[in-house]
Amino acid sequence: MTTKIIIIDDHQLFREGVKRILDFESSFEVLAEGDDGSEAMELVEKNNPDVVIMDINMPHINGIEATRQLVEKYPESKVIILSIHDDENYVTHALKTGARGYLLKEMDADALIEAVKVVADGGSYLHPKVTHNLVAEYRRLAAEEGQGSDRRPAYEIRRPLHLLTRRECEVLQLLADGQSNRGIGETLFISEKTVKNHVSNILQKMNVNDRTQAVVLAIKNGWVEVR
Ligand SMILES: [Mg+2]
């Protein structure tokens with residue numbers, strides 16, 4: 001199976017470099033090149049590529065806008081943004097419009113090849129520096145949220161959102177406070193049996209054997225307050 005690719009970038013020399021790297025890979029075929037976002041739609045309709053590699057800064061229509069138009073008309077479009085911009089504003093914008101990958105022009109040839117393979121296969125690929133910046137921004141926002149006048153306790157904000165329910169987080173905090181099942185039940189106005197169920201769910205979800213391990217892990221990750 002050949003992966004068909006088109007490249008859209010306003011710098012001819014850069015385009016040629018990318019094409020050369022991709023052509024070297026026997027399963028890739030670069031079908032066409034364009035030098036502006038305004039060409040993207042026509043090139044895609046004419047060539048039906050598997051993957052589109054798209055620059056951001058171009059003279060008429062930028063790569064993010066071109067991606068938005070493509071994905072709007074063809075939701076299955078697999079666009080990889082290839083840009084000099086690594087700040088999360090560009091990245092989140094690009095991902096919101098439906099880009100499946102985000103590469104930096106400073107990457108090496110292997111990363112480019114890997115990205116095309118992953119995205120052609122239906123996955124997503126972000127340059128490690130981009131991922132790092134996104135995570136840093138996420139942490140900054142989370143910290144800001146934590147410092148706000150928000151009356152929610154810190155452990156709720158930092159709770160392992162995808163892991164535990166709100167109630168399980170409360171139980172985990174009380175475990176960390178050193179409370180017994182009965183004590184937890186009294187604090188939360190639930191039966192001891194319900195507390196036991198919560199605890200066993202917590203252990204299972206956190207993949208630990210006992211409540212001590214759960215508490216240690218929770219403290220280490222900042223999921224509970226040490227109070
Ligand atoms: Mg450019």
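Each ligand, and each atom within it, is numbered from 1 in the order the structure gives. Quick note: residue numbers are just sequence positions, from 1.
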For the Mg ion (ligand 1), which N, O or S atom of Asp10 is at the shortest distance?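 This residue's closest N, O or S atom turns out to be OD1.
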Please name the atom of Asp55, limited to N, O or S, that comes nearest to the Mg ion (ligand 1).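 Per the distance ranking, Asp55 contributes OD2 as its closest N/O/S atom to the Mg ion (ligand 1).
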Can you tell me if, anywhere in Asn57, an N/O/S atom lies at a distance from the Mg ion (ligand 1) that is smaller than 2.8 Å?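 Asn57 does place an N, O or S atom closer than 2.8 Å to the Mg ion (ligand 1).
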Going through the checks in order, is the salt bridge (charged side-chain N to carboxylate O under 4.0 Å, His left out) test met by Arg68 and Glu65? CA-CA 5 Å; Arg68 195 189 61 72; Glu65 176 57 21; 2.8 Å; yes
Can you tell me if Glu42 has over 12 outside heavy atoms packed within less than 6.0 Å of its CD?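 No, because the 6.0 Å sphere around CD of Glu42 holds 12 heavy atoms or fewer from other groups.
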Working to the nearest 0.5 Å, report the span between CD1 of Ile8 and CG of Asp55.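 Going from CD1 on Ile8 over to CG on Asp55, the span is 10.0 Å.
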Are the side chain of Asn62 and the backbone of Gly37 linked by a donor-acceptor contact shorter than 3.5 Å?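 A pair under 3.5 Å: no.
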